[in-house]
Engineer: 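Submitted below is the structure of interest, expressed as structure tokens.
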Amino acid sequence: MTMRVINLIKRAAAVLLFAPAVAMAAAASVQLDKAPVSTDPAALQHGAKLFVNYCLNCHSASFTRYNQLQNIGLSEQSIRDNLMFTGERVGDLMKIAMRPAESKIWFGKAPPDLTLVARARSSGDGSGADWLYTYMRQFYRDTERPSGWNNVVFANVGMPHVFWELQGEQVANITENADGTSKVELSLAKPGKLSVQEYDKAVADLVSFLVWMGEPVAEKRKTIGTFVLIFLAGMFVLTYALKKNYWKDIH
């Protein structure tokens, strides 16, 4: 192998190694709103209701079972009566009937599973909850898109605005900045069934449920962690006292 070929291989390897970093650096930073995530059972139950009625038609949550919703205060009968509509068993995973190949044709890409979406969307711009909270409130009418909708956070997204009846229709006022970037300002052109405050609260409840679904034992983990730290602190005090007792005659 000649030296020229070796150098070409080294350059190609360097390009492959640093290309992802360059692409990430080139991506525009997104201003995210802080998500008011709640662990209140009422908020989580409302979020579960919104998820099943609006999201579970296209998105699955295939790492969560219906009976796990008992952990947010729902009874098994309540889950059967209000959250299960197609004859599933209460122990079944929260899957959908739509085939990925068909959904790819309809939407351009198969809708992702949402079980871990709140964790997967975390970035340097904010938490995954912040991204979801901002994303669900930044849809606007765009007649040039196949679905008739676009999004400030996720430009040219294939997903339609499933909550448009609740939020209403927003329109975008796009202005070009001197540096070549553009600024998008949204205004409510047609009110929905909910006020702005009510819609923000509904989105916050949905995001809270998605966060819970990504790690149902998060609160238990935090509680255990607190007790572990208390135990370690106590052990430190006892160990230090034992050390002082062992070395008192020497000192």
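These numbers were taken from a predicted model, which means no experiment stands behind them. Atoms considered below: every heavy atom in the structure, side chains included; atoms not considered: hydrogens, waters and symmetry mates.
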Engineer: Dump the intermediate steps for side-chain contact (heavy atoms from CB on, under 4.5 Å) on Leu83 and Leu74, then the final yes or no.
Structural biologist: CA-CA 10 Å; Leu83 300 177; Leu74 294 172; 3.7 Å; yes
Engineer: Hey, does the side chain of Asp81 reach the backbone of Ser78 with a donor-acceptor pair shorter than 3.5 angstrom?
Structural biologist: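 Absent.
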Engineer: Distance from Gln170 atom CD to Lys190 atom NZ, nearest 0.5 Å?
Structural biologist: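 NZ of Lys190 is found 14.0 Å from CD of Gln170.
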Engineer: Is it the case that one hydrophobic cluster holds both Leu44 and Val90, taking links as side-chain heavy atoms less than 4.5 Å apart, direct or via other members?
Structural biologist: yes
Engineer: Within the distance-only criterion (no hydrogens, no angle test), does the side chain of Asn245 pair as donor or acceptor with the backbone N or O of Ala241 below 3.5 angstrom?
Structural biologist: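 Such a contact is absent between Asn245 side chain and Ala241 backbone.
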Engineer: With the side chain counted from C-beta on, respond yes when Tyr133 and Val211 share a heavy-atom pair under 4.5 Å apart, and no when they do not.
Structural biologist: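 No, their side chains stay 4.5 Å or more apart.
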Engineer: Could you check Thr239 against Val237 for side-chain contact (heavy atoms from CB on, under 4.5 Å), going step by step and ending with a plain yes or no?
Structural biologist: CA-CA 6 Å; Thr239 303; Val237 173; over 6 Å; no
Engineer: Taking the side chain as every heavy atom from C-beta outward, state whether Trp212 and Val217 have any pair of such atoms under 4.5 Å apart.
Structural biologist: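 Contact flag for Trp212/Val217 side chains = no.
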Engineer: Would you mind telling me which of Val117, Val153, Val207 makes a side chain to side chain contact (heavy atoms under 4.5 Å, CB included) with Trp131?
Structural biologist: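 Of all the options given, the one that passes is Val153.
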Engineer: If you count every heavy atom of other residues, nucleotides or ligands that lies below 6.0 Å from Glu102 atom CD, does the total exceed 12?
Structural biologist: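 Above 12, so yes.
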Engineer: Donor-acceptor pair, distance only, cut-off 3.5 Å: does the side chain of Arg119 make one with the backbone of Gly214?
Structural biologist: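 Yes; judged by distance alone, with no hydrogens or angles, the pair exists.
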Engineer: Are any side-chain N or O atoms of Asn173 and backbone N or O atoms of Glu185, one a donor and one an acceptor, separated by less than 3.5 Å?
Structural biologist: no
Engineer: Answer yes if Ile174 and Leu186 sit in the same cluster of Ile, Leu, Val, Met, Phe, Trp and Tyr residues linked by side chain heavy atoms under 4.5 Å apart, and no otherwise.
Structural biologist: yes
Engineer: Ignoring hydrogens and angles, state whether a donor on the side chain of Asp40 or Ser38 is under 3.5 Å from an acceptor on the partner side chain.
Structural biologist: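 Their side chains do not contain a donor-acceptor pair, so the 3.5 Å distance test is not met.
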Engineer: Is there a side-chain contact between Thr39 and Glu219, using heavy atoms and a 4.5 Å cut-off?
Structural biologist: yes
Engineer: Can you check whether Met98 reaches Pro111 side chain to side chain, under 4.5 Å on heavy atoms?
Structural biologist: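 Counting from C-beta outward, Met98 and Pro111 do come under 4.5 Å.
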Engineer: Compare every heavy atom of Ser103 with every heavy atom of Pro100, then report the nearest pair and how far apart it is.
Structural biologist: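 For Pro100 versus Ser103, the nearest heavy atoms are O-OG, 2.8 Å.
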Engineer: Please report the interatomic distance CZ(Phe139) to CZ(Phe163), rounded to the nearest 0.5 Å.
Structural biologist: 9.5 Å
Engineer: Indicate yes or no for a side-chain donor-acceptor contact from Thr134 to the backbone of Asp33 under 3.5 Å, with no hydrogens or angles considered.
Structural biologist: yes
Engineer: What is the distance from atom CG of Leu206 to atom CZ of Phe51, rounded to the nearest 0.5 Å?
Structural biologist: 8.0 Å
Engineer: Does the side chain of Tyr140 come within less than 4.5 Å of Trp149's, by heavy atoms?
Structural biologist: no
Engineer: For a quick test of reading the model, state the closest non-hydrogen atom pair linking Asn150 to Val157 and the distance between them.
Structural biologist: OD1-N, 4.1 Å
Engineer: Quick one: closest heavy-atom pair of Leu56 and Val52, and the distance?
Structural biologist: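 For Leu56 versus Val52, the nearest heavy atoms are CB-O, 3.6 Å.
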Engineer: Is a side-chain N or O of Arg65 found less than 3.5 angstrom from the main chain of Gly91, in a donor-acceptor match?
Structural biologist: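 Such a contact is found between Arg65 side chain and Gly91 backbone.
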Engineer: Looking at Ile224, Thr226, Ile230, which hits side chain to side chain contact (heavy atoms under 4.5 Å, CB included) with Val228?
Structural biologist: Ile224
Engineer: Are Leu93 and Thr64 side-chain neighbours, meaning at least one heavy-atom pair lies under 4.5 Å?
Structural biologist: no
Engineer: Do Lys193 and Glu198 pass the salt bridge (charged side-chain N to carboxylate O under 4.0 Å, His left out) test, and can you show the C-alpha distance, the side-chain angles, and the key distance before you say yes or no?
Structural biologist: CA-CA 9 Å; Lys193 295 179 180 179; Glu198 291 171 336; over 6 Å; no
Engineer: Count I, L, V, M, F, W, Y as connected when their side-chain heavy atoms are under 4.5 Å apart, and connections chain through other members. Are Val152 and Met159 then in the same cluster?
Structural biologist: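 In one cluster with Val152: Met159, no.
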Engineer: Which pair of heavy atoms, one from Gln167 and one from Met136, lies closest together, and at what distance?
Structural biologist: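 Closest approach of Gln167 to Met136: OE1-O, 4.3 Å.
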Engineer: State the CG-CD distance between Asn156 and Glu144, to the nearest 0.5 angstrom.
Structural biologist: 9.5 Å
Engineer: What distance separates Met94 CE from Cys55 SG, expressed to the nearest 0.5 Å?
Structural biologist: 10.0 Å
Engineer: Go through it in stages, so that I can follow the logic: the residues are Arg137 and Asp200, the test is salt bridge (charged side-chain N to carboxylate O under 4.0 Å, His left out), and I'd like the CA-CA distance, side-chain angles, deciding distance and then a yes or no.
Structural biologist: CA-CA 7 Å; Arg137 295 159 50 248; Asp200 287 352; 3.0 Å; yes
Engineer: Minimum heavy-atom separation for Ala35 to Ala129, with atom names?
Structural biologist: CB-O, 3.4 Å
Engineer: If only atom types and distance count, is the side chain of Asn82 paired as donor or acceptor with the main-chain N or O of Ile79 below 3.5 Å?
Structural biologist: no
Engineer: Heavy-atom distance under 4.5 Å between the side chains of Leu32 and Tyr135, does that happen here?
Structural biologist: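 Of all side-chain heavy-atom pairs linking Tyr135 with Leu32, none is under 4.5 Å.
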Engineer: Testing the 3.5 Å rule here: is there a donor-acceptor pair between the side chains of Asp130 and Ser127?
Structural biologist: yes
Engineer: Distance check, rounded to the nearest 0.5 Å: Leu50 atom CG versus Leu210 atom CG?
Structural biologist: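 With rounding to 0.5 Å, CG (Leu50) is 10.0 Å from CG (Leu210).
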Engineer: Determine whether Leu116 and Ile96 fall in the same hydrophobic cluster, where Ile, Leu, Val, Met, Phe, Trp and Tyr are linked whenever their side-chain heavy atoms lie under 4.5 Å apart.
Structural biologist: no
Engineer: Would Val196 end up clustered with Leu132 when hydrophobic side chains under 4.5 Å apart are linked, directly or stepwise?
Structural biologist: no
Engineer: Using every non-hydrogen atom in the two residues, find where Met213 and Ala61 come nearest and quote the distance to one decimal.
Structural biologist: SD-CB, 3.7 Å
